[in-house]
Amino acid sequence: MRILIYGAGVIGSLYAALFAEAGYDTSIYARGKRFEALRNNGLLYKKNQEVNPKELSSFQRY
């Protein structure tokens, strides 16, 4: 299954990380500074007090 998260705020990014961790082909659709941060640093999320990078299929600008 392929999943597109439209909007990469806190909630959208969390869902994207969880779907990717579960093995789904996940992409994020973002804009502005958030898009630039995702493109440069990837998706970073905190789990068990550790910051983890999560690879996603792609980041798209809108």
Side-chain angles (χ1 to χ4, degrees):
M1 176 184 287
R2 295 178 68 196
I3 297 173
L4 172 66
I5 303 295
Y6 187 87
V10 173
I11 301 300
S13 295
L14 175 62
Y15 275 106
L18 294 174
F19 283 132
E21 192 172 287
Y24 293 104
D25 182 8
T26 308
S27 298
I28 290 182
Y29 206 53
R31 66 179 175 166
K33 290 181 182 179
R34 183 64 178 153
F35 172 79
E36 296 299 327
L38 287 169
R39 187 176 64 179
N40 294 332
N41 305 320
L43 179 61
L44 302 174
Y45 69 104
K46 194 173 195 178
K47 182 176 181 180
N48 298 327
Q49 301 302 318
E50 293 182 21
V51 176
N52 301 299
K54 181 51 75 179
E55 288 192 29
L56 300 177
S57 298
S58 65
F59 302 108
Q60 311 249 334
R61 181 186 300 241
Y62 71 91

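Residue-environment remark: OH (Tyr45) exceeds the threshold of 12 foreign heavy atoms within 6.0 Å.
Interatomic distance, Tyr29 OH to Leu4 CG, rounded to the nearest 0.5 Å: 8.0 Å. Taking CZ of Arg34 as the reference point, atom CG of Leu43 lies at 6.5 Å (rounded to 0.5 Å). Here the CG-OH distance, from Leu18 to Tyr24, works out to 11.5 Å after rounding to the nearest 0.5 Å. The distance from atom CD1 of Ile28 to atom CD1 of Ile3, rounded to the nearest 0.5 Å, is 11.5 Å.
Between Lys33 and Glu36 there is no salt bridge, since no side-chain nitrogen of the basic residue lies less than 4.0 Å from a carboxylate oxygen of the acidic one.
Considering every non-hydrogen atom in both Ile5 and Gly12, the closest pair reads CG2-O, 3.4 Å. Here the closest non-hydrogen pair linking Leu38 and Ala30 is CD1-CB, 4.0 Å.
Side-chain atoms of Ser13 never come within 3.5 Å of backbone atoms of Ile11 as a donor-acceptor pair (strictly under, hydrogens ignored).
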